[in-house]
Engineer: 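First, the structure itself, so that you have it in front of you.
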Amino acid sequence: MRILVVGGGGREHALCWALARSPSCTALYCAPGNAGTKACAESVGIPAEDIESLVDFAWQQAIDLVVIGPEAPLVAGLADRLEEAGIAAFGPSAAAARLEGSKAFMKDLCARHGIPTAAYGRFTDLEQARAYLYRQGAPIVVKADGLAAGKGVTVAMTLEEAEAALEDALISGRFGDAGGEVVIEELLEGEEVSFFALCDGTTARPLVSAQDHKRAHDGDKGPNTGGMGAYSPAPLMTEALQARVMSKIIEPTISGMADEGSPYQGVLYAGLMVTPEGEPRLLEYNVRFGDPECQILMLRLESDLAALLQATTEGRLAEAEIRWRAECAITVVLAARGYPGGYAKGETLHGLENAAAVEGVTLFHAGTSEAPDGAILSAGGRVLNVCALGTDLATARERAYKAIDCIDWPGGFCRRDIAWRALER
Ligand code: AMP
Ligand code: GLY
């Protein structure tokens with residue numbers, strides 16, 4: 001198979017790394033990629049949002065499978081355009097990607113199919129939204145309907161905060177079209193956990209559990225980020241809970257989408273709240289792998305990823321083999337100081353070779369670029385994923401931090417407590 005991976009972050013480096021090891025992959029490209037993907041895939045200078053150029057490239061290069069990493073091109077219909085051109089794509093159609101692209105769509109689907117989630121209302125009119133808000137009271141959650149780069153959710157402790165969020169979205173246009181409609185929903189209490197399943201339109205197969213840390217600083221404090229680290233397995237996700245998530249949430253979603261004419265193909269990433277009674281409830285869907293969760297899933301995957309993704313696109317997931325390493329995995333994100341706010345770019349990272357030489361360690365690049373002299377430069381907020389395998393989580397974590405300590409980059413920072421919840425348990 002000739003394969004094109006779309007995207008340029010740590011998730012895509014990990015996907016390229018796993019595909020490059022797949023016996024069924026004969027040629028591998030990454031658009032646009034980063035300084036790390038170059039080691040396993042040929043870089044293609046096309047941005048992930050440039051749908052027409054990606055389809056042209058895939059056609060000209062006789063690509064057999066396009067693996068779409070980020071949500072934006074999925075929501076914009078890249079999988080549909082490839083399909084029209086006769087090229088297989090791993091990732092949902094635009095219609096199915098509404099599970100992430102429209103929170104109101106996702107909530108309505110849950111309501112139609114009895115999928116447990118927070119009670120909600122959806123509004124385009126400020127006065128109606130306000131009236132609902134006052135009937136419900138605080139605390140409450142306000143969400144922009146569309147894609148808002150992780151900034152569209154306000155967990156409001158007071159009615160004033162909630163009203164400000166409504167006005168931001170509906171009146172000030174802070175999220176553009178994405179905030180033309182809002183969902184107001186009940187605040188759920190409990191412990192958050194992520195869940196990943198491969199879906200081929202009719203069959204869903206769970207992946208091993210993985211959990212990220214969203215806050216920027218130790219102790220899960222500070223601003224929300226795309227994820228500062230992750231670990232697998234997540235002890236909260238027991239076999240019994242996994243079975244409940246599959247039967248109560250994932251399977252009704254897959255059959256509901258198929259029945260309504262938008263079968264879901266790709267990886268489905270559920271953000272869940274596990275209530276104090278141990279019941280899973282759906283917070284959100286993403287229509288892609290989590291970043292950085294994907295990095296550790298790829299480290300633990302033993303099966304041929306290319307064959308597995310092909311089986312997914314061809315509706316053969318029921319018979320596919322999905323084998324995992326027994327070892328635990330962890331990833332720590334090295335980010336530029338200031339992230340998720342403003343930060344500098346173009347700083348040199350030293351010591352990467354020594355870091356990569358630590359036992360059990362693999363480095364995946366996220367926001368990096370390569371200088372003409374071969375130096376690795378920072379080029380984004382999340383810059384590097386330092387990943388490690390170990391017989392247990394404590395060993396994996398020790399190895400990852402040992403590797404981090406080999407890296408010399410005064411402009412970078414990381415959390416020092418990734419996996420603390422799991423290790424405390
Ligand atoms: P989302 O993008 O919908 O996952 O929201 C981002 C974060 O907001 C989640 O990871 C939760 O921490 C929080 N959140 C979203 N919805 C709710 C809810 N209904 N109850 C409590 N917390 C929520
Ligand atoms: N790590 C969270 C995300 O990918 O959305």
Side-chain angles (χ1 to χ4, degrees), residues 7 9-12 14-15 69-72 74-75 99-107 110 115-122 136 138-157 161-162 165 169 175 178-179 182-196 207 209-216 220-232 234 267-276 279-298 331-333 335 339-340 364 366 381-382 385 415 418:
R11 169 180 51 208
E12 288 77 21
L15 290 169
E71 64 277 14
L74 290 166
V75 171
L99 284 177
E100 178 167 359
S102 168
K103 296 194 188 281
F105 172 85
M106 183 279 266
K107 299 295 286 189
C110 289
I115 296 163
T117 183
Y120 74 107
R122 53 184 288 189
Q136 303 300 317
I140 197 153
V141 183
V142 177
K143 301 182 172 183
D145 176 61
L147 295 184
K151 297 188 172 68
V153 175
T154 304
V155 177
M157 288 301 141
E161 263 177 89
F175 305 110
V182 294
V183 167
I184 304 180
E185 68 180 41
E186 168 198 7
L187 181 95
L188 297 178
E189 312 266 2
E191 194 167 342
E192 278 189 67
V193 63
S194 304
F195 191 89
F196 296 90
L207 304 184
S209 61
Q211 187 55 43
D212 72 342
H213 289 268
K214 293 209 167 63
R215 300 302 194 95
D220 292 318
K221 302 212 165 60
N224 228 20
T225 73
M228 292 300 293
Y231 53 94
S232 173
V267 59
L268 187 59
Y269 161 8
L272 305 171
M273 189 69 90
V274 181
T275 66
E279 281 304 309
R281 296 176 80 185
L282 180 65
L283 288 179
E284 65 159 348
Y285 270 136
N286 297 297
V287 298
R288 52 174 174 82
F289 280 109
D291 184 345
E293 294 94 319
C294 181
Q295 288 81 315
I296 49 178
L297 292 177
M298 292 306 114
T331 177
V332 180
V333 172
Y339 173 81
F364 292 127
R382 291 189 294 173
N385 302 125
R415 280 183 57 163
I418 299 304

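One-based numbering, in listed order, for ligands and for the atoms of each. Quick caveat: nothing in here was measured; it's all calculated off a predicted structure.
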Engineer: Could you please provide the protein residues found below 4.0 Å of ligand 1 on a heavy-atom basis, arranged by chain and number?
Structural biologist: Lys103, Ala118, Val141, Lys143, Val153, Val155, Glu185, Glu186, Leu187, Leu188, Glu192, Met273, Leu283, Glu284

Engineer: Name all pairs fulfilling the side-chain hydrogen bond (donor to acceptor under 3.5 Å, both in side chains) condition that reach into residues 222-231, sequence neighbours left out, sorted by first residue then second.
Structural biologist: none

Engineer: Check ligand 2 against the protein and report each N/O to N/O distance under 3.5 Å, formatted as atom name, atom name, distance.
Structural biologist:
| from | atom 1 | to | atom 2 | distance (Å) |
| --- | --- | --- | --- | --- |
| ligand 2 | 1 (N) | Asp212 | OD2 | 2.8 |
| ligand 2 | 1 (N) | Gly226 | O | 2.9 |
| ligand 2 | 1 (N) | Asp291 | O | 3.0 |
| ligand 2 | 1 (N) | Glu293 | OE1 | 2.9 |
| ligand 2 | 1 (N) | Glu293 | OE2 | 3.4 |
| ligand 2 | 4 (O) | Arg288 | NH1 | 3.0 |
| ligand 2 | 4 (O) | Asp291 | N | 2.9 |
| ligand 2 | 5 (O) | Arg288 | NH1 | 3.4 |
| ligand 2 | 5 (O) | Arg288 | NH2 | 2.9 |

Engineer: In sequence, state the C-alpha distance, the side-chain angles, and the governing distance for Val183 and Met106, and then conclude on side-chain contact (heavy atoms from CB on, under 4.5 Å).
Structural biologist: CA-CA 10 Å; Val183 167; Met106 183 279 266; over 6 Å; no

Engineer: Roughly how far, to the nearest 0.5 Å, is the CZ atom of Phe289 from the CG atom of Leu15?
Structural biologist: 6.0 Å

Engineer: Mind checking whether Asn385 and Val333 have side chains closer than 4.5 Å, heavy atoms only?
Structural biologist: yes

Engineer: Does the side chain of Asp212 reach to within under 4.5 Å of the side chain of Ser194, using non-hydrogen atoms?
Structural biologist: yes

Engineer: By the salt bridge (charged side-chain N to carboxylate O under 4.0 Å, His left out) test, which pairs, at least two apart or in different chains, include something from residues 139-148?
Structural biologist: Lys143-Glu185

Engineer: Quick check for you: to the nearest 0.5 Å, what is the distance between Glu293 atom CD and Leu207 atom CG?
Structural biologist: 11.5 Å

Engineer: Search all heavy atoms of Gly226 against all heavy atoms of Pro292 and return the closest pair with its distance.
Structural biologist: O-CD, 4.3 Å

Engineer: Mind checking whether Arg11 and Pro70 have side chains closer than 4.5 Å, heavy atoms only?
Structural biologist: yes

